[in-house]
S.K.: 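One structure, pasted below without further comment.
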Amino acid sequence: MNVFERLFLLLLTMFSVTMVSCKEDDDIIPDDDDTEDCLMGKWYRISDFDGVPRSDVASFTIGDYGYLVCGFDGTSRLSDFWEYDMDRDTWTQKANFPGAARNSGVAMAVDGKGYFGTGYDGSNKLDDFWEYDPAANSWTQRADFPGGARYDAVAFGVDGKGYVGCGYDGSFLKDFYVFDPDTDSWEQLYFDGCKRSGASAFVIDDKAYICCGLNNGVYADDFWRFDPSTGIWTQLRNISDTSEESYDDEYAIARVSAATFVLDGSAYLTCGESGSLCTDTWKYSPSTDLWENVAKFKGVSRKAQASFSNGKRGFVLAGMSGLIRFDDVWEFHPDEYDKDDY
């Protein structure tokens, strides 16, 4: 072997080592030079949900506990209610929801209590609204939602009040209402975005964000921030490739029935449907109003799932793919790399 052949083999070996360095270690974050093709984040499957598999389920989080209420198991609407302890990775069945069994309702947490309402009972769209007190493990009916019976609405809790809007009542909707738990009363407010059902919402630093959903057969790509201190909606950058700039060239975020959760001041969106079921996951940074593709969801692709987040930990569970419903639970670790996702 001459000197040129030896030099070629040496360079080939060095190149091969560099190329595989991103995949070799499952636990150590690669050096900056080795992460060009890696997606940040890693999904872990944890203890399965103790109840029956289901989709179209509502969820909310209070402290370090996630709550799962109602849903559809493929045959029956459900009224059971469950609490998940994030620290112990255990489930406890709590007081059953006393209203009509249903799917596709909305839920949110406000000042240490949970709120749940609207939905579909298999025959009728619904407009009732309920409060759950975790200290007493009891439900109390509150003033009906004034916008009319509907399902697949969107909801969030912020600054001591609950917000419910959009959805489907036979037509796509865009109206929005704010609920005051202290007075048990509702007030209408105006949403500047397009009509939609199956939208997604999250809250960061006392501001709420709404994106995604379906509007007359089109996946909504407008994105909005709501400031409860002013009552003003602000339109942010679209979540699809609609600009002439390069930042959104790879955007494929618009979808229906996605899951969202918040970790360390950033939002994450995953699963849902956009022509087909999705597993891609996107991270949103409010300071830049930009989205970044991160590690894809590792469970079976799905929609109409639930999610929990206490700001430090984020979970996705349940949902459906075709006629199959799920009871698996997945936790996302944002600061790790997945050797199989690059």
Side-chain angles (χ1 to χ4, degrees), residues 51-61 67-82 93-110 113-133 138-157 161-181 183-189 191 195-201 210 212-215 256-259 303-307 318-320 325:
V52 299
R54 66 193 66 198
S55 65
D56 304 285
V57 59
S59 60
F60 56 89
T61 305
Y67 294 88
L68 200 68
V69 57
C70 295
F72 184 57
D73 68 4
T75 301
S76 303
R77 272 80 191 174
L78 306 168
S79 60
D80 53 341
F81 179 55
W82 294 81
Q93 187 166 5
K94 310 299 283 190
N96 278 359
F97 174 65
R102 69 192 67 193
N103 61 273
S104 305
V106 292
M108 83 287 280
V110 179
K113 294 183 178 179
Y115 294 88
F116 172 63
T118 68
Y120 182 65
D121 68 3
S123 300
N124 303 296
K125 305 173 187 70
L126 304 167
D127 62 2
D128 54 340
F129 195 68
W130 298 76
E131 177 186 272
Y132 176 72
D133 182 348
S138 64
W139 291 91
T140 302
Q141 189 165 7
R142 306 301 296 268
D144 288 348
F145 173 67
R150 67 187 67 192
Y151 60 85
D152 282 341
V154 66
F156 55 85
K161 295 181 180 179
Y163 294 79
V164 178
C166 299
Y168 188 77
D169 69 353
S171 299
F172 293 94
L173 302 165
K174 62 172 288 184
D175 54 338
F176 241 93
Y177 299 81
V178 53
F179 175 73
D180 187 336
T183 61
D184 191 24
S185 63
W186 294 86
E187 180 181 351
Q188 187 169 8
L189 60 94
F191 172 53
K195 298 177 179 179
R196 69 194 71 204
S197 66
S200 298
I210 289 181
C212 296
L214 191 68
N215 177 19
V256 65
S257 300
K303 64 178 181 177
Q305 61 288 300
S307 59
M320 64 182 291
R325 267 74 182 178

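For reference, positions follow the sequence shown, starting with 1. Computed from a predicted structure; not experimentally measured.
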S.K.: Do the side chains of Asp175 and Arg150 get close enough for a salt bridge, i.e. N-O under 4.0 angstrom?
M.R.: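 Result for this pair is yes, salt bridge flagged.
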S.K.: Decide side-chain contact (heavy atoms from CB on, under 4.5 Å) for Arg54 and Val52; before the verdict, give the C-alpha distance in whole Å, the side-chain angles of both, and the deciding distance to 0.1 Å.
M.R.: CA-CA 6 Å; Arg54 66 193 66 198; Val52 299; 3.4 Å; yes
S.K.: Where does the angle between the aromatic ring planes of Phe97 and Trp130 fall among parallel (under 30°), tilted (30 to 60°) and perpendicular (over 60°)?
M.R.: perpendicular
S.K.: Salt bridge check, Arg142 against Asp180: does any charged N sit closer than 4.0 Å to a carboxylate O?
M.R.: no
S.K.: Considering non-hydrogen atoms only, spot the tightest contact between Ala58 and Gly105 and give its length.
M.R.: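 For Ala58 versus Gly105, the nearest heavy atoms are CB-O, 3.9 Å.
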S.K.: Would you kindly say whether Ser55 and Arg325 are connected by a side-chain donor-acceptor distance under 3.5 Å?
M.R.: yes
S.K.: Do you know the tightest heavy-atom contact between Ala143 and Asp184?
M.R.: N-OD1, 2.9 Å
S.K.: Kindly check if the number of other-residue, nucleotide or ligand heavy atoms within 6.0 Å of CD (Gln141) is above 12?
M.R.: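 Atom CD in Gln141 is packed in, count exceeds 12.
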S.K.: Could you report the tightest heavy-atom contact between Val57 and Cys70, atom names first, then the distance?
M.R.: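 Shortest heavy-atom separation between Val57 and Cys70 comes out as CG2-O, 3.3 Å.
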S.K.: Rounded to the nearest 0.5 Å, what's the gap from CE on Met320 to CD on Gln305? Could you check?
M.R.: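 Atom-to-atom, Met320:CE and Gln305:CD are 10.5 Å apart.
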S.K.: Yes or no on side-chain contact (heavy atoms from CB on, under 4.5 Å) for Tyr168 and Leu214, after CA distance, side-chain angles and deciding distance?
M.R.: CA-CA 10 Å; Tyr168 188 77; Leu214 191 68; over 6 Å; no
S.K.: Is a side-chain donor-acceptor pair under 3.5 Å present for Arg77 with Asn103?
M.R.: yes
S.K.: Counting distance only, does the side-chain N/O of Asp144 pair as donor-acceptor with the main-chain N or O of Pro146 below 3.5 Å?
M.R.: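 Between the backbone of Pro146 and the side chain of Asp144 there is no qualifying donor-acceptor contact (under 3.5 Å).
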S.K.: Specify the closest pair of heavy atoms between Ala109 and Phe60, including all atoms of both residues, with the distance to one decimal.
M.R.: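 Minimum heavy-atom separation between Ala109 and Phe60: N-CB, 4.0 Å.
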S.K.: Between the side chain of Lys174 and the main-chain N/O of Phe191, is any donor-acceptor distance below 3.5 Å?
M.R.: yes
S.K.: As a test of understanding, state which of Asp128, Asn124, Thr118 forms a side-chain hydrogen bond (donor to acceptor under 3.5 Å, both in side chains) with Arg102.
M.R.: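 Of all the options given, the one that passes is Asp128.
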S.K.: What distance do Leu126 atom CG and Ser104 atom OG have between them, rounded to the nearest 0.5 Å?
M.R.: 10.5 Å
S.K.: Here's a test for you: under ring-ring contact (aromatic ring centres under 6.0 Å, His included), which of Phe129, Tyr177, Tyr115 qualifies with Phe145?
M.R.: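 Going through the options one by one, the only one that passes is Tyr177.
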S.K.: Find the distance between NZ (Lys113) and CE (Met108) and round it off to the nearest 0.5 Å.
M.R.: 14.5 Å
S.K.: When you measure from the side chain of Asn96 to the backbone of Pro98, do you find a donor-acceptor pair of N or O atoms at a distance under 3.5 Å?
M.R.: no
S.K.: How many angstroms lie between atom OH of Tyr151 and atom NZ of Lys125, to the nearest 0.5 angstrom?
M.R.: 6.0 Å
S.K.: Report yes or no: does Ser200 contribute a side-chain atom to a donor-acceptor pair with the main-chain N or O of Cys212 at less than 3.5 Å?
M.R.: no
S.K.: Do Phe81 and Phe116 pass the side-chain contact (heavy atoms from CB on, under 4.5 Å) test, and can you show the C-alpha distance, the side-chain angles, and the key distance before you say yes or no?
M.R.: CA-CA 11 Å; Phe81 179 55; Phe116 172 63; over 6 Å; no
S.K.: Is the Phe176 to Tyr163 ring centre distance short of 6.0 Å?
M.R.: no
S.K.: Where do Val256 and Ser197 come nearest, in terms of heavy atoms and distance?
M.R.: CG2-O, 3.7 Å
S.K.: Please report the C-alpha distance between Thr140 and Asp133 in whole Å, then the side-chain angles of each, then the deciding distance to 0.1 Å, and finally whether the side-chain contact (heavy atoms from CB on, under 4.5 Å) criterion is met.
M.R.: CA-CA 8 Å; Thr140 302; Asp133 182 348; over 6 Å; no
S.K.: Just wondering, do Leu78 and Asp73 contact through their side chains at under 4.5 Å, heavy atoms?
M.R.: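 Asp73 reaches Leu78 side chain to side chain.
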S.K.: Ala153 and Cys166: which non-hydrogen atoms are nearest, and at how many Å?
M.R.: CB-O, 3.7 Å
S.K.: Please check: side-chain N/O of Trp82 versus main-chain N/O of Tyr67, any donor-acceptor pairing under 3.5 Å?
M.R.: no
S.K.: Are more than 12 heavy atoms, taken from residues, nucleotides or ligands other than Lys195, located less than 6.0 Å from that residue's NZ atom?
M.R.: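 Not buried by this count: 12 neighbours or fewer within 6.0 Å.
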